[in-house]
Amino acid sequence: MNTTHSAFRSDQTRNDTIHKLRNLILVAQGKKEATLLLKNCRLFNVYSGEVCRTDIAIYEDTIVSITAGTVNGAREVIDCQDCYAIPGFIDPHMHVDTTMLWPNELARVLVPLGTTTVFVDMVNIAHNGGKAAVKALQEAFKGLPLRAYFSAPSYCPLQPELETAAAEIDSSDIDEMLQWDKFVSIGETVSSKILNLEPDFLARLAICQEQDKIVSGHGGDLPQGDENALDAYVVSGVRDDHCVEQIDDIMPRLRRGVSMFLVEAPGRERIKSFFEYILAHEIPTQKMSLCIDNITITDIVGKYGGYLDKPFRIGLDAGVPAIDMIRMATLNTATHYKKDGQLGSLTPGRFADIVLLRELNQFPPELVIANGKVAARRGKMIEETHPQDISPDYLNSIHLPAGFSSDCFRIPAGQETSEAKVRVLKVRDGAALNQCVTTVLKVAQGEILPDLERDILKMAIIERYGRRGSMTTAFVNGFHLKEGAIATSYSVPSNNIVVVGTNENDMAIAVKHLADIQGGFAAVQDGALLADVSLRVGGIMSAEPYENVLCDIEKANAAARSLGCPLEHPFFTMTQTVLSSLPDLGLTDRGIVDVASGTIVGVVAEEA
């Protein structure tokens, strides 16, 4: 029965494909009406390097002709009035969850800016809900004008002995996910696990080779200048790297055929120097793509201003030839992922994802066409986007430890003493890099006390998946709160709850409120809620209109400022500071992590 049904479905698919091919051929021959005809455009051909005044004929979701006058009849004709036509932008590596938007709302933001395809890394999503969450995000892109391909997580969690995630992923899980529709790679592969020959991690790389999938890298932790380590990393199968942090990283990777995803994002604004170096040394750009990686909705529509169009404009202003910039935003990525037969160019047989620009550096575009339909006009979406049904489990993902209360934030001194020397995380506004400092704090009734006058506050992280009921409280410097507490459930990669406060009661109330709304941000003062942001999808994203999310984030930031916090990004700073993979200290539900040694250390540094 199953075999017969499968054969029937295969035959039906074959017949549908033949029917579509027949129609495409007829339209290209001028014997059948196109669905959309773009007349009088200046087409940038990423293969020939030419700019041609021509027409583009489309049938359903596919380009059928780029020859002027060949196709005369169409259901819809648009006079492009000499606009430039370029392929829709393609992001080679991004994280949906860091934007805080579910795909329906993400499409409303990115497509009007000219990005029509994203390659989504699932590492944070896996931490947040295991394979079920990965599948939910994959399904959420169906029917949207924003095309998506996916990268299975290479780890979850990075170090199970150091932190708790919603699930633990092994090589058999990756084998399964790589067989799902539109999964093209394994992402964020860790150099230390490869160089240390960890057996199950090597099994994950072997699975990629067996399935002919791309192994995507994360080479930021490779020893600088260690050519042997880089050789070992690449020989394992790694074919790209989005951790190109300085110009000295470019040539070693280029020599080894590694595709470089040049990241330009808030806190990593360095792409102008890359372009200047590339121009000065006449370096070929075929192995380079524009990339965003991590970004929030507040950055896209706020001071940073844009998405892939931002590095694209920076490159044009730096003097990089327009055809090279277009290739870095389109064809190079499609070629890397072996999708150039479908994406990355305006040529017959490719998807009709097209951006029309009055001038190459003028964004938003005049028109954005996705899947052969006009999706956006002058920065506004034409068609509505609706979220796919979201699993109730993924809307109810926060489960506080049994018996959670304000008493859980006590930090015992461990011995009878009047003061203790402690480790303190010193934060930077909106940045993932923190510094470990030590200071002496007073002890009363066996408890180490914070010092508000010196801005030494308590910071805690609480496991929120109902797996271990574990939490860690430490000390932090840099938030400058004078009263109250702020908390968030958005903290990559594990997305456990993080809270900073001046007193334990407000900290507990903020955490409990996040459980009540099932995730987001909260600011509390004297036991009363000042502001919150609802991120109910997995506790980290929202399917509500992004304008509402932005408004709520601004109110929450204003509430944090009213409590004395001067940071521009108070909640985002919390999410970054706890990372266990970046210096100096990480903070997980299992303890304080000394990143250099990869071990758990105590709050108390030594006796005062």
Side-chain angles (χ1 to χ4, degrees), residues 20-21 24-25 27-28 34-68 70-71 78 80 83-92 110-111 113-119 145-149 182 184 214 240 259 261-262 284-291 308-309 311-312 315-316 320-357 360 365-375:
K20 182 177 181 179
L21 287 172
L24 294 174
I25 293 167
V27 174
T35 53
L36 177 61
L37 181 61
L38 305 178
K39 294 186 67 68
N40 306 316
C41 63
R42 287 183 285 174
L43 185 153
F44 262 92
N45 192 303
V46 293
Y47 287 113
S48 69
E50 301 168 291
V51 182
C52 303
R53 282 180 166 80
T54 189
D55 303 337
I56 303 174
I58 298 162
Y59 183 77
E60 295 180 345
D61 62 353
T62 304
I63 297 170
V64 295
S65 172
I66 56 172
T67 304
T70 299
V71 177
I78 296 176
C80 298
C83 279
Y84 290 105
I86 64 176
F89 286 172
I90 306 172
D91 192 343
L110 298 194
V111 173
L113 293 173
T115 295
T116 56
T117 301
V118 288
F119 284 79
L146 182 63
R147 195 182 312 280
Y149 297 88
K182 294 189 176 180
V184 298
I214 298 292
D240 61 59
S259 293
F261 302 159
L262 304 180
T285 59
Q286 291 93 329
K287 299 292 286 185
M288 300 177 190
S289 297
L290 306 183
C291 180
L308 283 177
D309 56 296
F312 181 78
L316 292 176
V320 180
I323 190 64
D324 288 341
M325 288 309 309
I326 295 169
R327 287 167 177 154
M328 280 191 275
T330 60
L331 179 65
N332 292 359
T333 296
T335 302
H336 173 71
Y337 285 110
K338 308 173 188 177
K339 295 295 180 184
D340 49 311
Q342 300 172 302
L343 302 168
S345 67
L346 303 185
T347 48
R350 275 67 171 189
F351 287 128
D353 297 338
I354 304 168
V355 173
L356 293 171
L357 297 164
L360 286 180
E366 289 291 308
L367 283 180
V368 178
I369 292 155
N371 296 314
K373 298 178 182 178
V374 177

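This is a predicted model, so every value here is computed, not measured. This chain uses plain numbering: 1 for the first residue, then up along the sequence. Values below: every heavy atom of this structure, side chains too, minus hydrogens, waters and symmetry copies.
Pairs engaging residues 330-355 under the ring pair (Phe, Tyr, Trp, His ring centres under 6.0 Å) rule: F119-Y337, F261-H336 [sequence neighbours left out].
Considering all non-hydrogen atoms of both residues, C80 and N40 come closest at CB-O, 3.5 Å. Between T62 and K20 the shortest heavy-atom distance is OG1-NZ, 3.5 Å. When all heavy atoms of R350 and L343 are compared, the closest pair comes out as CG-N, 4.1 Å. Between T54 and L43, the closest heavy-atom pair is CG2-CB, 3.9 Å. The two atoms that bring V111 and A375 nearest to each other are CG1-CB, 3.9 Å, heavy atoms only. Closest approach of P92 to L290, counting heavy atoms only: CD-O, 2.9 Å.
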For this session: Kindly determine whether I354 and I56 satisfy side chain to side chain contact (heavy atoms under 4.5 Å, CB included), including the steps that lead there.
Result: CA-CA 10 Å; I354 304 168; I56 303 174; 4.1 Å; yes

Exercise. Can you check side chain to side chain contact (heavy atoms under 4.5 Å, CB included) on T115 and I90, steps first, answer last?
Worked result: CA-CA 6 Å; T115 295; I90 306 172; over 6 Å; no

Problem set entry | Intermediate values then yes/no, side chain to side chain contact (heavy atoms under 4.5 Å, CB included), L262 and S289 | CA-CA 6 Å; L262 304 180; S289 297; over 6 Å; no

For this session: Give the intermediate values and the outcome of side chain to side chain contact (heavy atoms under 4.5 Å, CB included) for residues K39 and I78.
Result: CA-CA 6 Å; K39 294 186 67 68; I78 296 176; over 6 Å; no

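The distance from the CD1 atom of I369 to the CG atom of D61 is 13.0 Å, given to the nearest 0.5 Å. The CD1 atom of I63 sits 6.0 Å away from atom OG1 of T347, with the distance rounded to the nearest 0.5 Å. The line from CZ of R42 to CD of E50 is 15.0 Å long, rounded to the nearest 0.5 Å. Rounded to the nearest 0.5 angstrom, R147 CZ and D353 CG are separated by 4.5 Å. The structure places CG of L331 at 6.5 Å from CG of D340, a figure rounded to the nearest 0.5 Å. To the nearest 0.5 angstrom, T285 atom OG1 is 8.5 Å from M325 atom CE.
Put simply, the side chain of N45 gets close to the backbone of Y47: a donor and an acceptor are under 3.5 Å apart. Between the side chain of S345 and the main chain of V46, no donor-acceptor pair closer than 3.5 Å is present.
A 4.5 Å side-chain heavy-atom check between C41 and D55 finds every atom pair outside the cut-off. The shortest side-chain heavy-atom distance between L146 and T117 does not fall under the 4.5 Å cut-off. Two residues are said to be in side-chain contact when any heavy atoms from C-beta on lie closer than 4.5 Å; V118 and Y149 fail this criterion. The side-chain heavy atoms of I326 and F312, taken from C-beta on, include a pair separated by under 4.5 Å. Side-chain contact between V320 and M328 is present, with at least one heavy-atom pair separated by less than 4.5 Å. Under the 4.5 Å side-chain criterion, counting only non-hydrogen atoms from C-beta, L346 is in contact with P87.
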